[in-house]
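Counting from 1, the numbers follow the sequence of the chain as shown. One-based numbering, in listed order, for ligands and for the atoms of each. Below, each value reflects all heavy atoms present in this structure, side chains not excepted, and no hydrogens, waters or symmetry copies.
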Amino acid sequence: MLAFLDMDGVLTDFVGAACRAHGKSNPYDDAAAQGVWAMETLWGMSGKEFWAPCNGEGFWDRLEKTPEADDIVKLITDTFGVENVALLTAPSMSGFCIPEKRLWIRRNYPQLEGGMIFTAAKKFLAGPDRLLIDDRDKNIEDFRLFGGKAVTVPRPWNRMHALSDKPLEVLYRVLGGLQEFLDESEG
Ligand SMILES: [Mg+2]
């Protein structure tokens with residue numbers, strides 16, 4: 001099986017960085033915001049207003065790791081083999097985004113540097129024996145619709161938000177079950 005691992009909201013704390021860029025507090029601290037994907041909606045601004053401070057030089061390079069990032073990378077590479085794991089991440093419209101994401105990966109997870117795919121259209125990579133690990137409901141739905149398997153990383157902005165205090169535990173359980181299922185179908 002080939003595994004596609006998302007970056008923003010999974011390995012990188014995009015929400016934290018966007019809050020700092022806007023000088024605003026985390027909108028997901030409000031219980032009513034749970035499960036709402038678009039931060040700009042929660043902040044009552046347009047997409048253009050939202051992205052303006054996030055697209056300057058250094059924004060993508062300075063993203064911090066999520067607390068679980070190292071463990072998620074280890075879990076996914078141990079489970080599928082590093083040669084079967086690619087990072088699959090949507091670039092913003094900023095010209096700084098892709099080069100800075102490349103540098104971020106080289107600095108933090110050089111073992112994955114050879115497998116980096118930049119597209120927002122993740123469904124085009126879906127298919128049998130392909131697994132997406134992502135934090136966006138729409139990406140998960142589309143990937144499944146086109147024949148792939150998909151695992152949601154529980155976060156306050158997706159439908160798994162009730163479990164967002166323990167994303168790693170959820171991934172361990174889901175991937176453990178998936179591995180058993182695959183072993184059984186092969187045996
Ligand atoms: Mg994401």
Side-chain angles (χ1 to χ4, degrees), residues 2-22 26-28 33-43 47 50-51 53-55 59-77 80 85-94 96-105 107-109 112-113 115-126 130-146 148-168 170-171 174-175:
L2 297 176
F4 298 100
L5 181 58
D6 179 33
M7 284 179 70
D8 296 322
V10 174
L11 304 182
T12 69
D13 180 18
F14 174 82
V15 167
C19 291
R20 281 194 297 280
H22 282 274
N26 190 328
Y28 298 103
Q34 301 284 305
V36 179
W37 167 259
M39 292 177 80
E40 62 264 38
T41 309
L42 296 171
W43 281 341
F50 173 76
W51 283 106
C54 301
N55 275 335
F59 176 85
W60 300 97
D61 186 56
R62 286 195 295 267
L63 287 180
E64 291 175 9
K65 283 183 187 177
T66 59
E68 309 80 20
D70 288 353
D71 289 326
I72 291 176
V73 168
K74 183 169 187 335
L75 172 64
I76 302 301
T77 53
F80 299 98
V85 179
L87 295 162
L88 179 54
T89 183
S92 79
M93 293 305 286
S94 164
F96 297 114
C97 181
I98 290 178
E100 290 185 8
K101 280 190 171 188
R102 292 184 71 101
L103 289 172
W104 193 95
I105 287 300
R107 197 165 65 242
N108 290 289
Y109 301 111
L112 293 174
E113 184 175 39
M116 303 179 67
I117 302 169
F118 293 94
T119 180
K122 299 184 180 184
K123 67 183 180 187
F124 287 94
L125 293 156
R130 284 157 180 249
L131 174 75
L132 175 69
I133 302 107
D134 205 284
D135 65 328
R136 185 174 192 173
D137 292 334
K138 180 82 173 88
N139 291 343
I140 298 284
E141 285 164 21
D142 285 352
F143 210 79
R144 286 178 179 155
L145 191 63
F146 288 92
K149 291 184 171 55
V151 176
T152 304
V153 179
R155 294 297 189 198
W157 43 89
N158 63 40
R159 66 163 62 116
M160 296 278 283
H161 57 81
L163 295 169
S164 63
D165 59 330
K166 44 190 157 198
L168 205 54
V170 170
L171 287 182
V174 172
L175 291 176

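- You'll find the side chain of I72 reaches within 4.5 Å of the side chain of L168, heavy atoms only.
- Between Y28 and W157, the ring center distance clears the sub-6.0 Å criterion.
- Listed by chain and number, the protein N, O or S atoms at a distance under 2.8 Å from the Mg ion (ligand 1) are D6 OD2, D8 O, D135 OD1.
- A salt bridge between K101 and D8 is present, with a side-chain N of the basic residue lying under 4.0 Å from a carboxylate O of the acidic one.
- A salt bridge does not link K122 to D142: none of the charged nitrogens lies less than 4.0 Å from a carboxylate oxygen.
- Put simply, the side chain of F50 reaches to within 4.5 Å of the side chain of W43, judged on heavy atoms.
- Around CZ of R102, the count of heavy atoms belonging to other residues, nucleotides or ligands within 6.0 Å does not exceed 12.
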